[in-house]
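Everything numeric here is computed off the predicted structure, so don't read it as measured data.
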Amino acid sequence: MNKILQEQFFVDDLSDDQKSVITNINSYIKQGLNGNTSSVAIIEGAAGTGKSVVLMELVRQYMTDKHYRTSLVVNHPELYKAYRDLAESIPNMKASEIRRPTSLINYAQKNHKQYDIIFVDEAHLLYSKSEPYAHYRGQNQLADLMNLAKVVVVVYDFDQVFQSKMYWDQDLLYKTIGNHPHKLFSMNFQYRMVASDEQVAWMDDLTAEKPMKPFPENSDFEFKMFDTAGDLFENIKKRNKEVGMSRVVATSGFPRIDGRHNVEMDSFSLPWDEWDPQRTHWAKREGSITQVGTIYTLQGFDLNYVGMIIGPSFGYDPATDTMTIIPEKYSHKEIFKKRKDMQFTRDEYKAFIANVLNVLMKRGKYGLYLTAYDDALRQRLLELAADHK
């Protein structure tokens with residue numbers, strides 16, 4: 001089994017909290033399998049709380065048991081590759097039972113298939129509207145999955161919602177579930193990062209446009225501010241040689257220069273991550289050290305160190321001493337697609353953009369290296385870092 005994937009998704013020493021959640025979900029699944037209508041188990045938690053670890057323990061238990069008709073679905077192409085890789089190395093588990101949600105729904109409806117349990121990772125990426133371009137013609141993928149299984153186990157993090165076509169909040173989730181039996185299993189303990197609670201709160205406060213303050217230095221988590229993206233990249237390359245799985249990431253909004261749509265800042269110029277049909281996911285490919293990662297390649301994955309370039313759609317307001325979000329400078333237009341069934345305010349679009357930055361900053365287990373495209377924002381972050389030394 002791939003060592004990197006194994007370390008991320010299968011943990012030998014599960015915490016007491018994780019063991020408790022697994023035991024409780026197991027009881028709920030057994031209850032649901034004997035019910036007369038489909039039931040939903042909701043695993044909810046922020047980035048890094050070990051949701052996928054808990055889910056994969058359940059997946060390994062049920063999807064290797066021939067007594068159950070099961071499937072695992074995920075709407076993230078890189079995670080889909082990772083799970084298929086894992087499946088091939090787990091005895092009695094079939095990679096063919098791991099699908100993208102549209103693929104499973106279309107296949108099951110066409111062939112009149114029903115399941116005992118369907119597991120859904122990153123369920124906040126399920127379509128909550130029709131998306132014909134992606135060959136999904138239903139109205140809500142969770143509703144369709146509930147119609148196919150006795151029990152649906154879903155992993156949600158509402159702070160990782162960043163597109164209108166995949167919009168979810170608690171109201172929509174419970175409206176979709178309707179009168180079906182359901183139970184919430186909350187996970188509010190941080191496992192990905194070695195960062196302290198105060199350091200995680202600093203990241204949350206920054207993206208929530210709260211007054212800025214120095215990064216707390218009260219754990220082994222390494223935080224460094226850089227004046228140039230070029231210098232940040234050189235340090236990330238060093239970390240990658242030393243411990244591996246260290247990458248530069250960025251948010252959208254960088255202007256095209258001479259026809260190039262690269263991330264370009266000071267001496268730094270690298271292309272965005274490239275989709276590749278090969279099975280190896282982006283963060284694990286050696287060549288990705290010379291590309292810039294995005295939410296589309298890194299959501300759900302761990303890095304050891306992340307070099308975060310805050311893009312042009314984030315500025316600084318000296319009057320409030322806050323980082324500001326500027327939707328007009330965010331160039332990835334998928335975020336702003338219109339929906340007939342709901343309208344989004346400017347503040348809601350800002351929240352989508354903030355969620356992208358928040359998720360990317362939390363990819364690194366051992367450290368965050370940070371810089372910003374906006375001069376005023378970068379200088380303020382540098383001042384805070386210098387004052388705290």
Side-chain angles (χ1 to χ4, degrees), residues 1-14 18 22 25-26 29 43 50-108 110-111 113-123 125-126 134-135 141 145 148-149 151-155 191-192 244-245 247 273-289 291 293 296-304 363 365:
M1 183 185 297
N2 180 286
K3 185 174 182 291
I4 294 172
L5 294 177
Q6 184 181 24
E7 289 176 353
Q8 175 166 350
F9 295 111
F10 292 119
V11 178
D12 292 331
D13 53 342
L14 290 167
Q18 290 171 322
I22 290 169
I25 296 176
N26 257 321
I29 288 174
I43 304 172
K51 301 183 298 298
S52 292
V53 169
V54 165
L55 183 74
M56 290 308 290
E57 286 296 328
L58 295 165
V59 163
R60 180 160 58 177
Q61 177 181 340
Y62 288 98
M63 291 187 68
T64 59
D65 188 332
K66 63 182 180 181
H67 294 98
Y68 300 103
R69 296 165 297 170
T70 58
S71 184
L72 166 64
V73 300
V74 61
N75 206 25
H76 190 292
E78 297 294 316
L79 269 180
Y80 169 73
K81 293 179 191 176
Y83 286 150
R84 300 267 294 197
D85 282 348
L86 284 173
E88 291 180 351
S89 302
I90 300 172
N92 301 317
M93 190 165 169
K94 297 179 181 178
S96 61
E97 293 172 348
I98 300 172
R99 292 176 175 264
R100 303 284 294 276
T102 298
S103 171
L104 179 76
I105 291 166
N106 291 345
Y107 164 79
K110 180 180 178 181
N111 295 283
K113 296 287 186 181
Q114 289 289 314
Y115 296 85
D116 294 311
I117 313 166
I118 294 177
F119 299 96
V120 188
D121 200 6
E122 306 282 347
L125 300 181
L126 291 174
H135 307 291
Q141 288 188 324
L145 293 170
L148 298 175
V151 181
V152 182
V153 181
V154 293
V155 173
Y191 286 111
R192 172 182 294 120
M245 294 296 287
R247 296 291 185 271
D273 48 11
E274 294 180 2
W275 183 82
D276 194 319
Q278 66 179 298
R279 290 291 294 277
T280 305
H281 63 83
W282 182 84
K284 194 185 148 205
R285 296 202 292 267
E286 288 186 13
S288 63
I289 187 65
Q291 297 175 359
Y296 298 102
T297 45
L298 281 169
Q299 189 172 26
F301 283 101
D302 292 351
L303 294 172
N304 287 326
R363 292 302 94 190
K365 288 196 280 187

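- For the ring pair (Phe, Tyr, Trp, His ring centres under 6.0 Å) test, residues two or more places apart in sequence or in another chain that qualify with Tyr62 are Tyr68.
- Asp121 and Ser52 get closest at one heavy-atom pair: OD2-OG, 2.9 Å.
- Contact detail for Leu125 and Asn75: the closest heavy-atom pair is O-ND2, 2.9 Å.
- Side chains of Ile90 and Met63 form no contact here, defined as non-hydrogen atoms less than 4.5 Å apart.
- For the pair Phe301/Leu79, a side-chain contact is recorded, criterion being any heavy-atom separation below 4.5 Å from C-beta on.
- Using a distance-only test at 3.5 Å, with no hydrogens or angles considered, a donor-acceptor pair links the side chain of Asn106 to the main chain of His135.
- Evaluation of the side-chain hydrogen bond (donor to acceptor under 3.5 Å, both in side chains) rule for Ser103 yields Arg99 as partners, not counting sequence neighbours.
- The closest side-chain heavy-atom distance from Val154 to Leu145 is not below 4.5 Å.
- Side chains of Val73 and Arg100 form no contact here, defined as non-hydrogen atoms less than 4.5 Å apart.
- Every side-chain hydrogen bond (donor to acceptor under 3.5 Å, both in side chains) that Asp116 has, sequence neighbours left out, goes to Arg69.
- For Gln61, the side-chain hydrogen bond (donor to acceptor under 3.5 Å, both in side chains) test picks out Asn26, with sequence neighbours left out.
- Although no hydrogens or angles enter the test, the distance criterion places no donor-acceptor pair under 3.5 Å between the side chain of Asn111 and the main chain of Lys113.
- Contact detail for Gly244 and Asn304: the closest heavy-atom pair is O-ND2, 3.1 Å.
- Closest approach of Val74 and Tyr83 over heavy atoms only: CG1-CD1, 4.0 Å.
- To the nearest 0.5 angstrom, Phe119 atom CZ is 6.5 Å from Leu55 atom CG.
- With a 4.5 Å cut-off on side-chain heavy atoms, Gln141 and Ile105 count as touching.
- Considering all non-hydrogen atoms of both residues, Arg60 and Glu57 come closest at NH2-OE2, 3.0 Å.
- In summary, of the residues considered (Val59, Leu58, Thr70), a side-chain contact (heavy atoms from CB on, under 4.5 Å) with Ile117 occurs for Thr70 alone.
- Applying the side-chain hydrogen bond (donor to acceptor under 3.5 Å, both in side chains) rule to Tyr107 yields no partners; only residues at least two apart in sequence or on another chain are considered.
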What pairs of donor and acceptor atoms, side-chain ones from residues 91-98 against any protein atom, are under 3.5 angstrom apart with sequence neighbours left out?
none

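- Inter-residue side-chain proximity for Lys365 and Leu303 is flagged as unmet; no heavy-atom pair is nearer than 4.5 Å.
- Of all the heavy atoms in Ile289 and Arg247, the pair that sits closest is N-NE, 3.7 Å.
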